[in-house]
Number of protein chains: 2
Amino acid sequence: MEGHPMDSVCDCSQCELRKAFFDSFSDEDLGDICRNKTEFPFLRGETIFREGDLIRYFSYLKSGLVKLFKTDPAGKDQIITIAGPYDFVSLLGVFSDTHQSYSVSVLEDAVLCCIDIERMREIALRNARFSMNLMERMGAVSNKIIREGLEIRKRNTHGKVAYILLKFCKDIYGECIFDLPVSRREIAENIGMTTENVIRTLSELRKEKVIRINGKEIEVVDPAALERISNYG
Amino acid sequence: MEGHPMDSVCDCSQCELRKAFFDSFSDEDLGDICRNKTEFPFLRGETIFREGDLIRYFSYLKSGLVKLFKTDPAGKDQIITIAGPYDFVSLLGVFSDTHQSYSVSVLEDAVLCCIDIERMREIALRNARFSMNLMERMGAVSNKIIREGLEIRKRNTHGKVAYILLKFCKDIYGECIFDLPVSRREIAENIGMTTENVIRTLSELRKEKVIRINGKEIEVVDPAALERISNYG
DNA sequence: GAAGACCTATGACATTTATCATAATATGAC
DNA sequence: GTCATATTATGATAAATGTCATAGGTCTTC
């Protein structure tokens with residue numbers, strides 16, 4: 001894990017993600033976690049951890065945007081998913097596996113909240129409601145990744161590109177106009193097609209006046225048409 | 001849930017899956033579960049539950065083979081995965097969702113062990129080690145599904161077919177000769193290609209003397225070649 | 001500011017995959 | 001057993017997708 005711990009000015013009792021993870025905590029446990037957590041700020045392009053690294057922390061994203069990916073023997077990356085604050089938390093292997101099974105790197109400056117894995121385990125073992133919350137939270141993340149994989153698998157190239165554009169505009173940014181946080185190649189690595197065809201498909205959507213393109217900036221001009229393409233293709 | 005409860009002759013303390021789920025149980029909790037579980041036998045072709053059904057049980061497969069799938073508005077099925085005893089257990093939504101998010105039906109006669117969801121929750125809430133075991137177990141299943149999805153996504157048709165044949169021979173049956181528990185169409189629904197191309201690809205593998213086909217019976221004659229095709233394609 | 005690396009873009013072409021048609025075989029219902 | 005239906009199979013063709021080549025633009029590094 002790169003990055004340098006930042007002064008932990010954060011008060012866990014005020015954390016907006018508290019409800020998702022620590023709602024069941026006693027003041028004591030919350031104080032314990034709060035004093036023992038470390039926040040790591042990361043800049044765009046930095047790698048948080050790599051496939052195969054030892055798991056030392058339970059971690060969740062407080063802010064920013066990351067990509068989860070695997071690298072094959074030939075050095076080609078395959079992106080598992082792109083995730084924001086509520087979508088990225090150590091997946092379920094965190095208590096059973098010893099090593100990371102994928103890499104995570106930063107697409108938009110991020111803050112990661114990290115809790116020593118042993119301390120986390122210890123608390124989980126004496127607070128069953130917390131274990132349950134954790135299970136629900138991590139389960140939701142896993143399920144989302146599984147569902148997304150199925151949606152991508154069943155679409156053709158146009159459908160795939162439309163699907164991921166809609167993910168950016170609906171799930172990630174909540175706006176029809178946004179700056180793509182990834183390259184065309186990374187989109188290709190995410191949805192399983194070639195970079196050239198991603199570029200070509202984007203150009204076609206532009207020619208059909210469904211989107212407007214200005215470098216990294218994308219504007220979804222005709223969301224209904226994009227939905228149709230996503231659902232049909 | 002169809003099927004009729006069978007006489008519960010099973011003694012949980014002897015259950016071969018016990019270690020996976022109930023290792024941390026006190027004799028008391030184990031007895032409690034054992035007395036309150038219900039075993040449902042299912043025949044090939046039967047549906048265990050459908051997407052959208054109310055979740056009433058925590059369930060895991062004791063024996064047999066099942067498929068997890070989703071049905072789209074047009075009525076087309078998409079198979080999420082094919083799972084045996086250690087690979088199928090209520091996924092992580094079981095404590096947070098109220099309804100099933102996919103359907104499960106039976107490929108090979110199966111026995112499902114079911115525990116009332118409320119009782120399960122209650123035990124999980126007072127036995128944190130059990131919650132932890134559960135989390136690990138369910139996490140392993142989720143992770144396996146995610147990984148499988150990625151492997152399928154990155155392969156071309158030959159690689160996909162080779163991949164799933166290897167799954168049958170290595171993971172499911174542990175033998176190079178086996179009866180396919182699914183139709184060619186179901187294979188297509190699993191790996192995201194057309195039925196015709198699954199059939200064609202199988203025929204090609206036969207012509208290349210990598211496999212032998214006799215109806216549902218498949219023999220992997222040249223496992224090394226099949227591995228190469230799976231890894232290259 | 002020059003060089004190199006990467007990103008975006010597009011065209012031409014080859015290959016892969018899907019679609020449509022047809023038929024033999026197998027399976028299930030009555 | 002027979003009829004209806006689904007499955008397996010194969011070929012012909014169309015459509016989609018990948019590969020290769022080229023080029024201008026952008027960004028980083030020295």
Side-chain angles (χ1 to χ4, degrees), chain A residues 43-46 67 74-79 105 107 152-165 179-208 211-219 229-230 232-233, chain B residues 43-46 67 74-79 105 107 152-165 179-208 211-219 229-230 232-233:
Chain A
L43 297 177
R44 165 167 179 75
E46 290 184 318
K67 64 171 177 177
K76 252 184 70 77
D77 288 346
Q78 184 178 25
I79 293 180
S105 69
L107 300 175
I152 289 170
R153 194 193 301 178
K154 75 178 177 194
R155 284 168 165 78
N156 64 20
T157 52
H158 275 66
K160 286 175 181 182
V161 171
Y163 179 81
I164 197 167
L165 288 178
D179 280 341
L180 272 181
V182 289
S183 67
R184 316 297 200 246
R185 180 173 55 75
E186 285 173 307
I187 292 177
E189 287 169 353
N190 188 355
I191 61 188
M193 46 190 282
T194 58
T195 307
E196 294 95 319
N197 275 331
V198 168
I199 293 170
R200 226 183 296 273
T201 304
L202 287 171
S203 297
E204 283 163 17
L205 291 173
R206 174 174 47 72
K207 284 172 198 157
E208 292 162 11
I211 62 174
R212 222 179 34 72
I213 303 177
N214 183 15
K216 292 282 192 188
E217 188 186 276
I218 302 278
E219 181 181 354
I229 294 166
S230 170
Y232 157 82
Chain B
L43 298 176
R44 165 169 179 73
E46 290 184 320
K67 64 171 179 178
K76 253 184 68 78
D77 287 346
Q78 184 179 24
I79 294 180
S105 68
L107 300 175
I152 289 170
R153 194 193 301 178
K154 73 178 176 195
R155 284 168 165 77
N156 64 18
T157 53
H158 276 66
K160 286 176 181 182
V161 171
Y163 179 81
I164 197 167
L165 288 179
D179 281 340
L180 272 181
V182 290
S183 67
R184 316 296 199 248
R185 180 173 54 75
E186 286 172 307
I187 291 177
E189 287 168 354
N190 188 355
I191 61 188
M193 47 190 281
T194 59
T195 306
E196 294 96 319
N197 275 332
V198 169
I199 293 170
R200 226 183 295 273
T201 304
L202 287 172
S203 296
E204 285 162 15
L205 291 173
R206 174 173 48 72
K207 285 172 198 157
E208 294 162 9
I211 62 174
R212 220 179 38 70
I213 303 177
N214 182 14
K216 292 282 192 189
E217 189 187 275
I218 303 278
E219 181 181 354
I229 294 166
S230 171
Y232 158 79

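In what follows, chains carry the letters A, B, and so on, assigned in the order in which the sequence lines appear, proteins first and then strands, with residues in each chain numbered from 1. It should be emphasised that the depicted structure is a prediction, and the values quoted were computed from it without experimental measurement.
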How many whole angstroms separate atom [atom1] of [X] from atom [atom2] of [N]?
| X | N | atom1 | atom2 | value |
| --- | --- | --- | --- | --- |
| A:Glu196 | D:dA16 | CD | C1' | 15 Å |
| B:Asn214 | D:dT8 | CG | P | 13 Å |
| A:Arg185 | D:dG18 | CZ | P | 16 Å |
| B:Asn156 | D:dT19 | CG | C1' | 14 Å |
| B:Leu180 | D:dA6 | CG | C1' | 17 Å |
| B:Arg200 | D:dT7 | CZ | C1' | 15 Å |
| B:Glu204 | D:dT8 | CD | P | 17 Å |
| B:Met193 | D:dT17 | CE | C1' | 15 Å |

Using heavy atoms to find the nearest nucleotide of DNA chain D for B:Ser183 and B:Lys207 separately, return the residue whose nucleotide is more 5′.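 With B:Ser183 and B:Lys207 compared, the 5'-side residue is B:Ser183.
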Could you check A:Gly192 against B:Val182 and say which one's nearest nucleotide on DNA chain D is further toward the 5' end?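 Residue closer to the 5' terminus by nearest nucleotide: B:Val182.
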From C-beta outward on B:Ile199, which listed nucleotide comes closest to its side chain: D:dT7, D:dG18, D:dT8?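 Nearest to the side chain of B:Ile199 among the choices is D:dT8.
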Check against side chain to side chain contact (heavy atoms under 4.5 Å, CB included), A:Ile152 and A:Asn190: CA-CA 9 Å; A:Ile152 289 170; A:Asn190 188 355; 4.1 Å; yes
Give the first and the last nucleotide of DNA chain C, reading 5' to 3', that has any atom under 4.0 Å from a heavy atom of chain B.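 Answer, 5' to 3': C:dT17 to C:dC20.
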Does B:Ser203 reach a base, just sugar-phosphate, or nothing at all? Heavy atoms under 4.0 Å.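 Sugar-phosphate only.
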Could you tell me whether B:Arg200 and B:Glu204 have a side-chain N and a carboxylate O separated by less than 4.0 Å?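 No, B:Arg200 and B:Glu204 are not salt-bridged.
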Can a salt bridge be assigned to the pair B:Arg212 and B:Glu217 using a cut-off of 4.0 Å between side-chain N and carboxylate O?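 Answer for the salt bridge query: yes.
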Ignoring backbone atoms, establish whether B:Arg184 has a side-chain N or O less than 4.0 Å from OP1 or OP2 of D:dT8.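 Result: yes.
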Under-4.0 Å side-chain N/O to phosphate OP1/OP2 contact, A:Thr194 with D:dT17: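 No.
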List the steps and the verdict of side chain to side chain contact (heavy atoms under 4.5 Å, CB included) for B:Ile229 and B:Val161. CA-CA 9 Å; B:Ile229 294 166; B:Val161 171; over 6 Å; no
List, with names and distances, any nitrogen or oxygen atoms from the protein found under 3.5 Å away from nitrogen or oxygen atoms belonging to nucleotides 25-27 of chain D.
none

Which is more 5' along DNA chain C, the nucleotide nearest A:Lys216 or the one nearest B:Asn197? Just name the residue.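 Here A:Lys216 is the residue nearer the 5' end.
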Axis-to-axis angle across the helix from C:dG1-D:dC30 to C:dC30-D:dG1, five pairs an end, to 10 degrees?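 Axis angle across the helix from C:dG1-D:dC30 to C:dC30-D:dG1, nearest 10°: 60°.
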